[in-house]
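Remarks on the structure that follows.
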Amino acid sequence: MHIDFNLSKNILAWYDNNKRILPWRVNKNYDQRLYYRLLSEFMLQQTQVKTVLPYFNRFLQKFPNLKSLSKTDEKTILKLWEGLGYYRRAKNLLSTVKILANNNFKLPDTFKEIKSLPGVGDYTANALLAFIYNKETIAVDGNVKRVFSRILNKKDTEINFENFVKNNKNNLFFNNRNSDFVEALMEFGSIVCKPQQPLCYSCVINKKCKYFQSKKKRKKTKSQTKKLRKINILCYLNKKKTNRINKKK
DNA sequence: GTCCGGTACT
DNA sequence: AGTACCGGAC
């Protein structure tokens, strides 16, 4: 499954003009970047941005950095997590931060090591590799799956996302902004390529999107629609008849 | 009431 | 491959 256009370039151009200002989108050189990214990624697992925002800010007030968070206990962190749900995330976050504390608050730089941290699966490991080390990898969450499957006009169950990334390296990792690109893809998926009523007409890649192109083709004049309906009814009746005959056998 | 979503576990 | 975990959206 191949794409024949520079997805990265297009999505980044959109992102630069349309991204939301979010508190964890801090400068790459900011010394708290790891903490902000880690905290937000744990909170954003199964939870929307607007729900996460107040919790994220409350955490920062109580624990301004990784070190202070690493020194708290489960009871305190669970209290602060109250209402966010999936409480195992809070426990895992604390365990992970305590592990990082033993590593001088450095994140390991391999997928395998990062994924071995409690509460970190495929998605978060790839997200952190991109966000912290600008690595050429894609964090595939629900948004990204939807974007790719619309571009290819295939069900996401029919796509091997690992292979898709491998086969399209040139159109995904063409510059040195992979951290931004990983973020941009998800942002694009949640704002433009939404599950319901995607904004296809203002989408910057609609010319290259097989879903949009086939949707356009399917637009029919009234008479075409009428004809089609007739045909469909005939097919249906025919099928019914055939079924009846088959049952009799 | 039903669907949705990363991770961990089965 | 299937399911529990949880709260929000619809």
Side-chain angles (χ1 to χ4, degrees), chain A residues 20 22-25 34-59 66 69-70 74-100 107-133 135 137-152 154-165 178-179 181-200 211:
Chain A
R20 291 169 291 183
L22 297 173
W24 46 87
R25 291 189 177 159
L34 173 59
Y35 177 39
Y36 284 30
R37 287 294 169 175
L38 195 65
L39 181 58
S40 59
E41 284 309 326
F42 268 75
M43 288 182 165
L44 288 165
Q45 290 166 4
Q46 298 83 39
T47 309
Q48 295 179 333
V49 167
K50 73 169 186 192
T51 310
V52 164
L53 279 169
Y55 284 88
F56 182 81
N57 291 325
R58 249 175 273 149
F59 260 74
L66 273 176
L69 183 57
S70 74
E74 213 170 272
K75 210 181 141 189
T76 312
I77 201 172
L78 280 173
K79 185 77 198 157
L80 215 49
W81 202 271
E82 221 164 71
L84 255 191
Y86 287 97
Y87 296 95
R88 192 160 50 173
R89 290 182 296 173
K91 297 181 189 178
N92 285 336
L93 172 65
L94 184 58
S95 309
T96 284
V97 171
K98 284 184 193 262
I99 291 169
L100 293 182
L107 183 74
D109 62 0
T110 65
F111 177 80
K112 208 177 152 190
E113 285 173 289
I114 297 176
K115 199 185 155 176
S116 76
L117 295 166
V120 176
D122 278 35
Y123 161 77
T124 307
N126 281 316
L128 290 174
L129 272 177
F131 292 156
I132 305 304
Y133 297 118
K135 275 235 183 189
T137 177
I138 301 289
V140 182
D141 73 343
N143 292 311
V144 177
K145 277 189 176 172
R146 192 172 53 256
V147 173
F148 288 163
S149 72
R150 288 224 176 102
I151 291 173
L152 301 167
K154 291 217 183 303
K155 288 181 184 154
D156 63 357
T157 48
E158 295 170 350
I159 302 172
N160 181 324
F161 290 96
E162 216 175 311
N163 284 341
F164 178 80
V165 172
N178 200 58
S179 168
F181 179 52
V182 166
E183 187 134 70
L185 260 183
M186 294 190 271
E187 184 90 336
F188 178 79
S190 74
I191 293 179
V192 177
C193 200
K194 300 180 292 180
Q196 255 74 50
Q197 290 148 357
L199 310 178
C200 295
Y211 167 75

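We name chains A, B, ... by the order of the sequence lines, and we start the count at 1 in each one.
Whole-Å rounding puts the A/Leu117 CG to B/dT7 P distance at 12 Å. A/Asn92 places its CG atom 12 Å from the C1' atom of B/dC9, with the value rounded to the nearest Å.
A/Thr76 is linked by a side-chain hydrogen bond (donor to acceptor under 3.5 Å, both in side chains) to A/Asp73, counting only residues two or more places apart in sequence or in another chain. A/Tyr211 is linked by a ring-ring contact (aromatic ring centres under 6.0 Å, His included) to nothing, counting only residues two or more places apart in sequence or in another chain.
Looking at heavy-atom distances under 4.0 Å, A/Pro118 makes contact with sugar-phosphate atoms alone, never a base.
Nearest approach of A/Asn178 to A/Thr137, heavy atoms of both residues: ND2-O, 2.9 Å.
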Distance-only donor-acceptor hits, side chain of residues 118-125 of chain A, under 3.5 Å, sequence neighbours excluded:
residue, atom, partner, partner atom, Å
A/Asp122, OD1, A/Lys115, NZ, 2.6
A/Tyr123, OH, A/Glu41, OE1, 2.9
A/Thr124, OG1, A/Gln45, NE2, 3.0

Distance-only check: which donor-acceptor pairs under 3.5 Å involve side-chain atoms of residues 154-165 of chain A, not counting sequence neighbours?
residue, atom, partner, partner atom, Å
A/Glu158, OE1, A/Lys155, N, 3.4
A/Asn160, OD1, A/Glu162, N, 3.1
A/Asn160, OD1, A/Asn163, N, 3.1

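For the pair A/Thr124 and B/dT7, the criterion of a side-chain N or O lying under 4.0 Å from OP1 or OP2 is met.
A salt bridge links A/Glu187 with A/Arg25; the closest basic N to acidic carboxylate O contact falls under 4.0 Å.
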Which atom pairs link the protein and nucleotides 7-10 of chain C when you take only N or O atoms and keep those under 3.5 Å?
residue, atom, partner, partner atom, Å
C/dG7, OP1, A/Tyr87, OH, 2.8
C/dA9, OP1, A/Lys50, NZ, 3.1

Under 3.5 Å, which protein N or O atoms sit close to an N or O of nucleotides 1-3 of chain B? Give each pair with its distance.
none

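Taking the centre and axis of the six-membered ring of A/Phe131, the NZ or CZ atom of A/Arg37 falls inside the cone set by 45° and 6.0 Å. Remark: A/Arg89 is not positioned above the aromatic ring of A/Tyr86, lacking an NZ or CZ atom under 6.0 angstrom from the ring centre and at most 45 degrees off the axis.
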